Every structure is written in structure tokens, then in C-alpha cells.
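To find a chain, count down the sequence lines: A is the first, B the second, and so on, and within it residues start at 1. Values below: every heavy atom of this structure, side chains too, minus hydrogens, waters and symmetry copies. Since the model is a prediction, treat every value here as computed from it, not as a measurement.
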2 protein chains.
Amino acid sequence: MGLIDTIARPRAKKAAEPAVQPVLPLDQILRGDCIERMKALPSNSIDMIFADPPYNLQLGGELYRPDGSHVDAVTDDWDKFDTFAAYDRFTRAWLKEARRILKDDGSLWVIGSYHNIFRVGAAVQDLGYWILNDIVWRKTNPMPNFRGTRFTNAHETLIWASKGEKAKYHFNYRAMKTLNDELQMRSDWEFPTCGGTERLKKNGTKVHPTQKPEALLYRILLACTEPGDVVLDPFFGTGTTGAVAKRLGRSWIGIDREGDYIEAAHERIEAALPLDESAIRTMMSPRTQPKVAFGVLVENAYLTPGTVLTDSKRRWRATIRADGSLLSDCGTIGSIHKLGSTLQNAPACNGWSFWHYESEKGLKPIDDLRQTYLLATTV
Amino acid sequence: MGLIDTIARPRAKKAAEPAVQPVLPLDQILRGDCIERMKALPSNSIDMIFADPPYNLQLGGELYRPDGSHVDAVTDDWDKFDTFAAYDRFTRAWLKEARRILKDDGSLWVIGSYHNIFRVGAAVQDLGYWILNDIVWRKTNPMPNFRGTRFTNAHETLIWASKGEKAKYHFNYRAMKTLNDELQMRSDWEFPTCGGTERLKKNGTKVHPTQKPEALLYRILLACTEPGDVVLDPFFGTGTTGAVAKRLGRSWIGIDREGDYIEAAHERIEAALPLDESAIRTMMSPRTQPKVAFGVLVENAYLTPGTVLTDSKRRWRATIRADGSLLSDCGTIGSIHKLGSTLQNAPACNGWSFWHYESEKGLKPIDDLRQTYLLATTV
DNA sequence: ATACCCGGTGAATCCTCAG
DNA sequence: GCTGAGGATTCACCGGGTA
């Protein structure tokens, strides 16, 4: 028996649904404006809605990497709105229609970044949805901040909401826990961005600027739907939602305005095959043990700025500074690794084993503190 | 390496500030409503604001419907719309005052969860702030979801914003990179929740329900302030912001309405020990180092007119002229930067890293000579 | 075959100061 | 306020070519 079969369970409300199902354009892509297209769909008919709306990025001029290459940004017309008010009107309009066609025990997923997610979230609440979780997609390979002006924008945010505060909703708790090595699935998920062979390309260039990874949709569909459920994506793009739905035995409906995207999505979904279970396990594998930066020990007061470290033979001394850099007695500054290699005139140095601190039991390598930190913070 | 460490750099706008500093109640806790208390503070006087506003609406009974009528939270039958509208009014009121008292190059930090952060974020944008990043605090030890009905709520969200789209702001990029083992600091941060000896307790029970970990504030203050800056926290609680500010040599102002919290905060901050001045220094950004013109290296005979420079792959050659300009083999003349960009047909070029000279140990970037010059001439 | 090197790229609100 | 010049700035991954 496959993993999917094992974890599936019938939706609780199945028996209470009307005997005559409304006619839905299942497994089809509807071309046109998503609000208009949703208006033509019957009320209370969709089990889950996944939406990846325009982010309204509001980018300035061109951006270049330090090596001089050009950054290919999202400059498409569909992402441009004149004002926040215009974006809000658009957002509330599609969210309102989405809520109407959603079954009473269905749920909504929306993904966004800080550019738009706060407006979307407020609209979700104002329209009567009830937020169940916000989920953070942590990217393993985000684009860096090339100018060194901000923190690396390394995540996107998803909102999961039921149709209302008292509404039932569907959550495969057991499946999520199984997929997370018997630990409750948390609200922070880690996936790479969509690239490699998964990324749709035509003539060597990407078909869609913001194609989402299939692993993200796998987890969402497994968490909130059952085989046979109907999933709607009003911003279908190149059809990640449809491809994953097909592989997992869910029905889907896509809406998009762009013919190029629709064509690519058709081809892609046509080629999609049911996924074997080992692939799912790979997609769902929990994150690996995180590295610990020396600065984290300073932030968490395992070591205090001003503390003096030495090597095991006390040949060199260095003082810890607030940002986790070290200042040697001769005035040189650097990270624990860099300063260790500089002082010894060695090509490299493992600062964790080189530098020691004075403990009650004598000189100890700072790596001991790292181990203590990991023990204290790892589940 | 090779970076010169001098005293902490002044904020860029220091010189442009009025000679007479407004009188601020530095290193004090103001008791009362944060909006009223902020109204008594002068405009453009605060370097950074950190706010941990209440997530729910138990704001001391100060709830009002959109029509202005009062809401009795205990007995009134207030619906969700009342709730959200009242929360929005409160949020916009304190954010507006906060923006007024913030310096033009100051920045705002707000922390929240999915219950309130979307409303806060939308208000931040509507009031003219410019969001710079949203930051995810990933908890290493979150409270599990006991009923198994949702994903473990394992994170909180912070918003970092400048005073406006065009406003300057202060970001210690280099210090953050150092703190993170020489990789750009990302938008997802991992800390344990506040517990153990750090958690303030009285008679065995926690003093404040949502005390934030000091490590979180440590990173924020290090990222966006300099020693001597003024940090305001309008929801001071048990004073985490004040305690960390004191440790890091920043001034602070706290506002809270609860006497119990204020008392606990006073004790706590009193006991906090400031770090040694040299320890709170951080790695300087090259941007703030004294500038060295290329011509100065020529004047001081670090390089001789007539010397030939090349790029690292020896694709291009150029001869140094007496005034510090370069003459390429094809006859083009320009500064080290200008000629580099012209030859590569690139929009920009950092001549310091692009051009190399022949040393005994092979090809070296001319930036090495600049570092040598800085070491030799700076105290 | 294998390892290494190099080029390409991803939802990005990405500079600062003098004149 | 605008313009132009100085000069500061990147991480993980993938694929293809080369040693």
C-alpha cells in the first residue's frame, strides 16, 4: 500500500453534501479574468483554493549583480498596480468570489511576500475568512541582496484560512506528522526555489517568472485535501497546482489570462504522471541540522562581548566583540576562523577548536559551547 | 580582513541635526497610554522604535466601534468587524505618533503573529512607512498544537520599515554578516523562546506572558543602531528592549501602563551590566572607511606612473599615468572605475578589485595596496 | 569515469555624495 | 531636485566544458 493510500481518510462532511453535484469544469484551464471566471462557478462547490496572486513588487530601476550581470526581474504588466488602494480593490474582489464558491468546510491558501501579504491578510480577515496558520516558506537558495542594503529576502509567506471562525475545515494532521518524522509539522517549511529540470523553459528562457516548486503544493494538497477533491487556482500560471493535483488524484480547475502560460500548463499537466511514494518522502524530508554561527552564541549570552579567548597553549589572545568578530592583542580583527588562520599564518583554521575560553574546569574549546547550545535548542 | 577599526561611526545625519538636542526622558520608563506619552515627545528625535503591541483587543477597555461608540469587552456583543476596526484604529493611532517622533533616518520594528501582523503591516504601509524586510523569528522550542488541529505555530513575524520610500535608514550590513559567519544575514532568524533564568518570575509565575528573548533585541539593535542612539519601546512590558539597549550602550525610553511590569523592568535594567566600550564595536563597512583616491597611491609611490595594470585574467592592459588616470592599450583614458566599465562594456565596475598589479607573489588587486596604505596611515 | 572550473540565475520594492 | 562620478556589492545550485 502506498503512502498516499495509507494517510487518506474521507472528508467528514462527504455524506452531507447534496446528492446532485454541481457541474464544474473539472481538470480544465479557463482563460480570462479570474474574478469573471469565478463568478460563473456555482457557490459552495470547491474544496480548496490555492492562490498565487500578483505581489505588486513596485521595483525601481535596473539591478546588477556584483559581477556586472543583469538581474532578470519581474517586470510583467500583470504585476503593476497604480496604488495600494487599487491593489486592495483587486484583492478584495477576487477573495470575495473565492469565498462564495468555496465549500463551507473548504479552505483557502494564499502566498505572497512582504510587498503584498499584509494587505492580503487583512482582506482575508475583513471578508470573514478565519486564519488558521501563517506558513513560512524558507528558501534554501534565495537570491542574495546584491547591494548589501537589507537582509537577504529568504522567505515567502502563506496564509491558510477556513471560510469562517466557526467553519469546519480539513486537516490531515496524522499525515503531516508522519511526513515530519513523527514530529508535528511546524509553520516553517524549507524548500529550494523552483529550478533545474522542474523549471519550465522555452527556447532556453523561463516560461513564467514566478513558477512555484511542486514540493510546496504537494505538502499543501496532502495537508488539506483528499483524493477526488476539487482544487481551484485562480492564478494558474504554468499550472503547478494542476500538475500536483493530477499526480495526487485530485481534480483541479485553473484560471489564467495569458495564452502562453496556458499552453505551457496544458503540456505540463498532460505529461504529469502519478508520483511514486519515495518521491513524496524526499519532498517531505525534514530539514537537516542547522549550522550554528559563532555570533549566535554571543547573541544568546553563551559568551559575552569583552570575553578573552586564547588558543590551547595561550600563545594568542583575542577579545570577543558585539558582532561575533574577534580583536587580537595586536589589533587584528576577524572571524574566529579568519583570525585563527591569520595569527598562525596558516591557510585555514577551524576557529571552533582553535579558540578556548576559561571555564571553571580550565581552558575549554568554544566548540563545547556550541554543542551545549545545540543540545539546549534542538528538539 | 585588513579593515581598520576605529571608533563607532556616527550616524550619517548627525552633522545636519540641530545643535540643540531636544530634551528626551532618556533611560526612563514612562507610565501611561503609549499614544498619549508619545504625543509629549518631540518630533524627529528617536533613532529606532521597537514595538511589541498586544495581539488581542484587551487594551484596558478602550474599544470603540467605527461609529465611535464604546465597546464593553466583557458584556457587549461585539462582532468581528467591531473587533478588527477597533484594533485598526488603535494600531494606526500609535503608528502615526511613532512616525512623527522618529528621525527621518530612523527605523521601525514591530513584532506580531498571524492574529495581528497583517493588520499592522497594512497600517504601516498606509501611513507612509516603507517596509524594508519582514523577518521570521523561528522558535526552536515552540508550544506544540495540543489538539492536533493545525500546524505548530512555530514562528512570529517582524516588520522592519523606514520612515518613507525615499528615506535613508541605518543598516549595519557588515556587522550582520560577521554575526552570521561571513554570510549575509537572512530574513529568517532562529532563537529559543524566552525561558530559563532569563524569564522574569515572581512567586514562581511569569511576570509577563510574552516576554521576548534578549537575543532577538540584541540582533535588532546591532543591525539598526549605533552606540548612543535612542531606542523607544512603546509597549515596554518587562523591559527587554531597555536591558539590551543598556548592555549595548544605547539610550532607551520605555512606555507601559502596568505598574507591575514597570517595577519588574526597573529591577531588571538596574541589574543589567553595560558591555565594555571596546566590546560593543562591530566590523565597519568599507563604505564608512576613509576614502582613498587612486591618485593618492600614485603620489605616495605605492604605484609608479608607467606601471601596467591588468584584470585578473589578463584580458585587458592599462598604463598608469601621473595623475592617477589609466591609459588602455586601445587608447582609451579614464579613472580606474570608468575604464574598467568601458572596457567590459558593463554598467559599472569597481576598479579597486578589477585592476591588478604584478607583485612578487603574482597578480594582486590594487585594493591590497589601498589596505596597506590605510594600515600605514591610520592610527 | 571523475573532479574541478566556470558561467548562469532566482518574486528584489538593492548607493551616495558633490556640484 | 537632477546629474554624474566614485566605488561597493552575492549565495546556492545546476549544467556544461575541461583537466
*Looking at B:W189, is B:R138 sitting on its ring face, NZ or CZ under 6.0 Å from the six-membered ring centre and within 45 degrees of the normal?*
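Cation-pi check for B:R138 and B:W189: fails.
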Within the structure shown, what part of the strands sits under 4.0 Å from [X] by heavy-atom distance: base, sugar-phosphate, or nothing?
X	answer
A:T152	nothing
A:N145	base
A:D72	sugar-phosphate
A:P213	nothing
B:K177	sugar-phosphate
B:Q184	sugar-phosphate
B:K313	sugar-phosphate
A:P142	base

*When the nearest nucleotide of DNA chain C is assigned to A:G148 and to A:T210 on a heavy-atom basis, which residue is associated with the more 5' position?*
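Nearer the 5' end of the strand: A:T210.
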*Does A:R65 make a side-chain donor-acceptor contact with the base of C:dG10, cut-off 3.5 Å?*
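Side chain to base: pair found, below 3.5 Å.
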I want to verify a distance call: between [options], whose nearest atom is closest to the [X] side chain?
X	options	answer
A:P144	C:dG7, D:dC11, C:dA11	D:dC11
A:W78	C:dT13, C:dA11, D:dC11	C:dA11
A:P66	C:dA12, D:dT9, C:dG10	D:dT9
A:F146	C:dT13, D:dT10, C:dC15	D:dT10
A:L63	C:dT9, D:dG15, C:dC14	C:dC14
A:L59	C:dA12, C:dT9, C:dA11	C:dA12

_With the stacking rule set at 5.5 Å and 30°, tell me whether B:W130 counts as stacking on C:dT13._
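B:W130 ring centre within cut-off of C:dT13 base, planes near parallel; stacks.
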Looking only at side-chain N and O atoms, does [X] come under 4.0 Å of OP1 or OP2 in [N]?
X	N	value
A:K139	C:dG10	no
B:Y173	D:dT10	yes
B:K168	C:dC17	yes
A:K80	C:dA11	no
A:R199	C:dA11	yes

Is a salt bridge present between [X] and [Y], judged by a nitrogen-to-oxygen distance below 4.0 Å?
X	Y	answer
B:R99	B:D104	no
B:D367	B:R370	yes
A:D260	A:K202	no

*Would you write out the dot-bracket form of DNA chain D, 5' to 3', with Watson-Crick and G-U pairs under 3.5 Å, [ ] for crossing pairs, | for pairs to other strands and . for unpaired bases?*
.|||||....|||||||||
*Hey, which sits more toward the 5' end of DNA chain D by its nearest nucleotide, A:T140 or A:T197?*
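This one resolves to A:T140.
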Dump the pairs, protein N or O against N or O of nucleotides 1-8 of chain D, anything under 3.5 Å, distances to one decimal.
| from | atom 1 | to | atom 2 | distance (Å) |
| --- | --- | --- | --- | --- |
| D:dG6 | OP2 | B:S335 | OG | 3.2 |
| D:dG7 | OP2 | B:H337 | NE2 | 2.9 |
| D:dA8 | OP2 | B:R370 | NH1 | 3.2 |
| D:dA8 | OP2 | B:R370 | NH2 | 2.7 |
| D:dA8 | N7 | B:N350 | ND2 | 3.4 |

*How are the rings of A:W352 and A:F294 set relative to one another: parallel (under 30°), tilted (30 to 60°) or perpendicular (over 60°)?*
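Perpendicular: the ring planes of A:W352 and A:F294 meet at over 60°.
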